[in-house]
Each structure stands twice: as C-alpha cells, then as structure tokens.
Amino acid sequence: MELSLPKVLVVDARSRATSDLLLFLKDCGYEVLWAADGETAYNILDNEIIDVLIAELHVHRINGMRLLQVARKRNPEVCVVMITADADVELATEAMREGAYDFQTKPLNLSKLKVVIERAVSHQKLVLEMHDLYQRIDERYGLSGIIGSTPKMVQVYNKIREIAPTRTTVLLIGKTGTGKALAASAIHANSPRRDCPFVKLNCAALAESVIESELFGHERGAFTGAHRTRKGRFEIADGGTLFIDEVSEISPSTQVKLLRFLEERQLERLGGNDTIEVDVRLIAATNRDLKELVDEGKFREDLYYRLAVVLIEIPDLRERKQDIPLLVQAFLDEFNKAHNKSVKGVSRGVMDAFMTYDWPGNVRELRNCIEGMIAFARPNSVLGVSDLPPHLREQKPSTDGFYVHVGMTMQDVEKAIIEETLQSTGHNKEKTAEMLQIGLRTLYRKIKEYQIE
Ligand SMILES: Nc1ncnc2c1ncn2[C@@H]1O[C@H](COP(=O)(O)OP(=O)(O)OP(=O)(O)O)[C@@H](O)[C@H]1O
Ligand SMILES: [Mg+2]
C-alpha cells in the first residue's frame with residue numbers, strides 16, 4: 001500500500017507568521033492546506049480527510065472550539081493542535097479536554113511544533129494500526145472479541161453490525177454464559193456512541209426497590225436514607241448506551257417507568273418533579289423466557305414489544321460445537337498470558353471430551369474450565385485427559401461416533417477413525433478392515449504409518 005503524505009490543515013488569518021508556518025510544514029514533507037477563515041475551513045473539512053488540524057483558537061471569524069468539534073466528528077482520529085495567545089490558556093485547556101492533542105502559544109516555536117506534529121502523526125498511525133488489527137481479528141474470529149465462526153454466530157454478527165449504527169432498542173436472549181454481555185458491549189463499541197458511556201445495570205444482583213432508583217436516580221429526601229440527590233444510570237449514560245441485564249427481574253412499577261422512557265425518552269428522578277430528557281440507547285438481556293413471563297402476566301406485554309424491537313438470540317454452545325476448537329485456542333492464549341504459562345495445546349482426548357460434553361454453562365463454563373486446567377498445568381505441556389475436571393473426564397464416551405473438528409488434517413481424521421473402529425471391534429483387524437472397506441494389508445500399513453497401538 002502506498003502511503004500518502006499526512007494532510008495538515010492550518011486555520012489562521014493571513015499574516016507573515018502564517019505563511020512562514022505553511023512553508024515550514026511543506027518543507028517538513030506534509031501536504032498542507034490553508035484556510036484563512038472558519039467558512040473555508042468547514043468546507044475543506046467537508047471534502048477532505050484531515051490528519052492534523054492546526055488552528056488558531058480564537059481570532060477574527062474563527063471559533064477554534066467549534067472547529068475542533070467539527071473536525072473530530074468528521075475524523076475521530078484527527079490530531080488537533082491549537083494555537084493561542086497567552087491570555088487564552090484557560091480556553092486552550094478546555095480544548096485539550098475536548099480532545100485537542102496539544103496547544104502552542106504564539107509566537108510559534110516551529111521546531112517545537114514539528115516535534116508535536118511528528119508525535120501526533122505517529123500516535124495517529126498507532127491508533128489506526130490498532131483499528132486495523134482489531135478489524136482483522138474480527139474478520140478472523142468474530143466481532144469485538146466475540147469468538148465463533150459457525151453460521152449461527154455469523155448471523156449474530158450480521159445482526160449486530162446491521163443495528164449497531166442505529167438507536168434501536170435491542171433485546172438479547174440466551175442461556176447463561178452464552179455471551180449476552182459481550183454482545184451488548186459489541187453493539188456499543190460498533191456504534192457511533194462508542195466514545196460515550198456504556199453503563200450497565202444487573203437487575204438480578206439488586207433488590208427490586210433499589211433497581212428503580214438506580215435506573216432513574218432520586219432527589220434528596222425521596223425516601224428514607226436518600227440524603228442527597230443522585231443521578232440514575234439513564235442520566236449517566238446520556239449520549240451512550242444503557243445495558244439492563246436480567247431485565248425480567250424488574251418490578252411492575254419500574255416496568256411502567258421503563259415503558260414511559262421508551263415511549264417518550266423522558267424520565268423523572270424518584271421524588272422529583274422535573275422532567276429530564278436523555279439520549280440513551282437501551283439494550284436489555286435476559287436468560288429467561290420473557291414471552292412466557294408475558295403470558296403468565298409477570299411482564300408487561302407492551303414493554304416486551306418495546307424492548308424487543310430487535311431481538312437477538314445467542315445460541316447455546318451445544319448448538320455450535322464446531323466453534324469449540326477456536327474458543328479453546330483463544331482461551332489457551334488468554335490464560336497462558338495471564339498465568340505466565342506456556343501450555344502448548346490440548347490432546348485429542350481432551351478435545352473429544354469437550355466436543356461430547358453438553359456445556360450447560362456455555363462459553364463461560366468452557367472458559368473457566370480452561371483457566372482451571374492451565375493454572376495447574378506443567379510448563380510447555382499439552383493438556384491431557386488427566387487434566388480435565390472429573391465431570392468431564394468421567395463422562396461416557398459417545399457410542400455413536402467421535403467428533404471431527406476444524407483444524408484436523410485428513411491424516412488426523414483417518415487415524416482417528418481407524419483407532420475408533422479398532423476399539424469398537426476389540427482390536428479385531430479383519431473386522432476393522434471390513435467395516436472400513438479397506439484391504440487388510442492397507443490397514444496394517446496405516447497402523448504402522450500412524451503408529452497406532
Ligand atoms: N463467543 C464468545 N467468545 C469469546 N468469549 C465469550 C463468548 N461468549 C462468552 N464469552 C465469555 O464467557 C463469559 C460469559 O459471557 P457473558 O457474561 O457475556 O455471558 P452472559 O450471556 O451475559 O451470561 P449470564 O446470563 O450468565 O449473565 C465471559 O467471560 C465472556 O467473555
Ligand atoms: Mg450476563
């Protein structure tokens with residue numbers, strides 16, 4: 001890929017100092033654009049992707065802060081260097097808080113500025129490389145750390161990608177440990193809200209009475225113990241995403257309030273009269289059958305439909321066992337690093353046990369299982385059947401066959417089927433050859449070749 005020159009936009013009035021700056025930047029090897037006023041600058045930002053913006057913070061007809069916000073909207077990675085007269089240092093500090101990379105006071109020290117820009121550009125390159133890396137990881141394994149490549153998971157990714165850019169309310173359903181929380185953060189991370197808060201509330205962990213004030217906040221004196229006014233999670237999540245986990249656990253009165261928010265995007269704090277408007281995208285999750293709770297009259301039907309505008313169902317691990325090898329590899333890498341170990345892999349017996357097991361705790365159970373095995377493993381070892389937790393070690397091998405998984409070679413598969421058939425015939429080679437429909441001599445050759453005993 002040919003690298004284009006970093007594009008620098010200078011926004012400052014015409015002056016001797018400005019032309020010196022433009023010349024200097026060209027000499028440094030940048031592609032340099034210049035706008036003498038705000039209007040021209042906005043036009044340029046509309047049409048070009050700018051890598052570095054150098055702007056006077058406050059001069060005739062230029063509002064540097066506004067420019068900064070527009071530039072960041074167009075290119076979140078843009079590096080902004082503000083230029084200010086001494087008196088504006090306070091404003092410049094505010095600019096830094098708004099995301100400016102640096103500020104310089106006039107008269108400019110050009111060699112100092114050069115260092116700042118070089119640092120800014122290399123920082124930017126790093127950020128872009130990280131983006132690129134994450135994108136490649138996503139392409140290989142999934143989305144924002146969600147691992148799996150089976151068609152059922154690909155459907156989940158597609159749905160997440162499709163709805164992430166919108167503000168639509170999402171309901172995630174799936175059994176415990178299937179990755180609902182992971183999916184919720186992937187939706188946020190892939191949405192334009194990614195730089196705003198992602199706020200979570202797990203309703204199962206809280207008493208019914210607390211949930212309401214946690215969500216909506218309360219005024220001082222709203223109830224015994226409310227010594228001061230507190231913002232709720234909705235207000236904290238303003239501009240971002242609120243994830244309500246185990247939404248089935250909320251009380252009927254909180255359900256009414258939640259419905260009102262979804263209909264009107266408004267709320268009041270407990271004990272308060274002021275109506276507060278917030279811009280929040282809501283994601284809810286449940287591992288219970290919400291539809292059934294609706295039928296039993298325990299969950300409001302109107303709320304159910306408001307929550308389930310988009311419904312994403314995360315499949316059980318047992319329904320997508322072909323993802324297990326990929327998950328195992330990822331968790332091995334993760335816990336090798338975390339525990340400073342160098343476990344090389346798992347034996348075929350272990351993989352078979354993983355593929356046979358039912359995984360009632362889904363991906364969380366698999367992850368915990370691997371962490372436990374790695375914690376006790378010898379360095380550089382391959383995890384064997386004896387390292388498995390007892391309930392996995394002692395499960396009955398499946399009688400109807402064995403699992404072939406992605407990552408095995410044709411030779412692995414051939415070796416495995418010969419081993420299994422030999423075992424099922426009590427090592428009777430004639431019978432084995434007959435079942436496999438190969439000649440006896442071929443069987444002997446393969447037993448030798450694969451060192452089967
Ligand atoms: N597809 C996946 N790829 C990688 N890690 C996953 C995947 N699914 C789940 N995990 C991991 O498993 C653990 C449990 O996932 P998570 O908390 O998202 O599940 P959950 O569906 O919210 O479960 P619960 O209903 O019990 O709260 C986490 O550590 C998560 O990172
Ligand atoms: Mg969860």
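Just so you know, ligand 1 is whichever comes first in the structure, and atom 1 is the first atom listed for that ligand.
Contacts of I146 with ligand 1, taken as heavy-atom pairs under 4.0 Å, involve both backbone and side chain. Using a 4.0 Å cut-off between heavy atoms, F243 makes no contact with ligand 1 at all. With a heavy-atom cut-off of 4.0 Å, L327 touches ligand 1 through its side chain alone. Residue contacts with ligand 1, taken as heavy atom pairs separated by less than 4.0 Å, involve R367 solely via side-chain atoms from C-beta onward.
Between W359 and Y357, the ring planes lie perpendicular to each other; the angle is over 60°, past the 30° to 60° tilted range. Aromatic ring pairs are classed by plane angle as parallel below 30°, tilted from 30° to 60° and perpendicular above 60°; the pair F223 and H218 is perpendicular.
For the pair Q411/Y450, a side-chain contact is recorded, criterion being any heavy-atom separation below 4.5 Å from C-beta on.
Residue-ligand proximity: G174 is placed with every non-hydrogen atom at 4.0 Å or more from ligand 1.
Scanning L366, I173, I147 for the heavy atom closest to atom 3 (N) of ligand 1 points to I147.
Close approach to G145 involves these atoms of ligand 1, each under 4.0 Å from a residue heavy atom: 3 (N), 4 (C). Applying the 4.0 Å criterion to heavy atoms of N287 picks out, from ligand 1, the atoms 25 (O).
For atom 28 (C) of ligand 1, the nearest protein heavy atom lies 4.0 Å or farther away.
Evaluated for a salt bridge (Lys or Arg N to Asp or Glu O under 4.0 Å) with D358, the options K321, R318, K175 yield exactly one hit, R318.
Protein heavy atom in closest approach to atom 30 (C) of ligand 1: L182 CD2, 4.2 Å.
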TODO: Take T176 and R364, measure what side chain to side chain donor-acceptor pair (under 3.5 Å) needs, and give me the verdict at the end.
DONE: CA-CA 8 Å; T176 179; R364 178 184 292 116; 3.2 Å; yes

